[in-house]
Protein chains: 2
Amino acid sequence: MIDVVLADDHPVVRAGLRAVVDTQPDMRVVHETSTAEDLLAWLDGGGRADVILLDLRFGDARMGGAAATGAVVRRHRTPVLVVTTYGTDADILAAIEAGATGYLLKDAPTEELARAVRSAAAGEVALGADVQRRLLSRLRTPAENLSGRELEVLRLVAAGRSNDAIARELFVSVATVKSHLAHINTKLGTQSRTEAAAVARDRGML
Amino acid sequence: MIDVVLADDHPVVRAGLRAVVDTQPDMRVVHETSTAEDLLAWLDGGGRADVILLDLRFGDARMGGAAATGAVVRRHRTPVLVVTTYGTDADILAAIEAGATGYLLKDAPTEELARAVRSAAAGEVALGADVQRRLLSRLRTPAENLSGRELEVLRLVAAGRSNDAIARELFVSVATVKSHLAHINTKLGTQSRTEAAAVARDRGML
DNA sequence: CCGCCGATCAACCTTTCGGACGATGCGCGG
DNA sequence: CCGCGCATCGTCCGAAAGGTTGATCGGCGG
């Protein structure tokens, strides 16, 4: 029997995951949490599970799920299966780098979810079919000339922030932001922040 | 007894919605569909329901849920409650204009969802708390007072053009473009061209 | 008819951006 | 070990953008 913990701040999604898990004869939900703090507290308090189903947007949105994933993996040995509705390539990579055992989208078929849970419980890597496809297509086209930091800056630029605001948001100097932006414009072949934002939107880099 | 139809292409979300509905004593799920075509076919084939829970991203992503909502509302009288994970102001407005009875985000509490279903079944409007907040904040900042020319400029700004390029494109002087842009920033409450572009995108003004 | 608004332009000034340097430290792979 | 990419910061300068004020002109409605 595989003991599963659900960690998702959406009640509806939690109920959905529970429904899927409960209909599998070989697994059961042993705990539900809606915040990252609760999850860690439960685990620290002696909670035991074979797999944790974690929402990428779990808890604080800015941490992504990566921080929560990392915390769980570092402090406990429980495999973390990230389940999310959407997510960029960068999100997926971040989660995997943080130690997630698997990653799949919520629109994955029920059986795929169940299979992933079993794989994760067995310590195997379990990536959803579409996640695999995306990672592969990414390797084929290194469209991501942009470094992680540059992409971060680009996102804020596209959100309309000024260099100064971005600098404060990222805890760096304006000079650094300008430096990143210069590299972004070079790599994208753009002439200005606004044009870079437009191109980024078109290419789905956000 | 309120008969509910679930229309969502995410198996997990469907299961979650079903779990919520089934735990309410006064409602039940009578049908589930994963495509807009199936939903319409079921309704056309004599299917009866009191409320349809429809995912905004239901079916073809480009149609949004608005097209599906419109089709259902026009051909049948069933109240449609749009339930989605995310969505811009424009998405919400489009759904409501298409005839949706209500709109709420998937992270709404279980009771809020149940309440919304009862309201929708009774023919009342049911907007999620956060949806209401967003619509109100939008009304506070009058968006659509942009003149035709200003909107034209805004579009080019969002496309990443410089003032000079816009001026040449519209056969006016740079001063005029700057003048329009100044008015745009005033009306949108923005501080820069890039921020104006971001806001315009969010509000679906492009 | 006169006022208001939209569109057009101008001059002036301040702030912000962007380009062109250079410089440091860090980690990773040949 | 050394190079290279990444991230960090700095300076200088010119260009672009934004704010302010003010102006002309054409319609549209009271």
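None of these values were measured; they are calculated from a predicted model. Chain letters run A, B, ... following the sequence lines, proteins first, then strands; residues in each count from 1.
Atom CZ of residue B:R161 and atom CD of residue A:E195 lie 8.5 Å apart, to the nearest 0.5 angstrom.
For A:R14, the salt bridge (charged side-chain N to carboxylate O under 4.0 Å, His left out) partners at least two apart in sequence or on another chain are A:E32. Checked against ring-ring contact (aromatic ring centres under 6.0 Å, His included), A:H183 has no partners two or more places apart in sequence or in another chain. A:E111 is linked by a salt bridge (charged side-chain N to carboxylate O under 4.0 Å, His left out) to nothing, counting only residues two or more places apart in sequence or in another chain. Residues forming a side chain to side chain donor-acceptor pair (under 3.5 Å) with A:Q191 (at least two apart in sequence, or on another chain): none.
On the nucleic acid side, DNA chain D has its first and last nucleotide under 4.0 Å of a heavy atom of chain A at D:dC6 to D:dG10, going 5' to 3'.
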Task: Per-nucleotide protein contact string for nucleotides 15-28 of chain C, where B marks a base within reach and S marks sugar-phosphate only (heavy atoms under 4.0 Å, - for neither) - done: --SBB---------
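Ion pair A:D3/A:R48 not flagged as a salt bridge, since none of the NZ, NE, NH1 or NH2 atoms sits closer than 4.0 Å to an Asp/Glu carboxylate oxygen.
Between A:R193 and A:N185, the side chains place no donor N or O within less than 3.5 Å of an acceptor N or O (distance only, hydrogens not considered).
Comparing A:T176 and A:K187 by the nucleotide of DNA chain D whose heavy atom lies nearest to each, the residue mapping closer to the 5' end is A:K187.
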Open item on the list: side chain to side chain contact (heavy atoms under 4.5 Å, CB included), that's the test. Do A:L43 and A:I52 meet it? Break it down for me.
Closed with: CA-CA 11 Å; A:L43 289 170; A:I52 295 170; 3.8 Å; yes
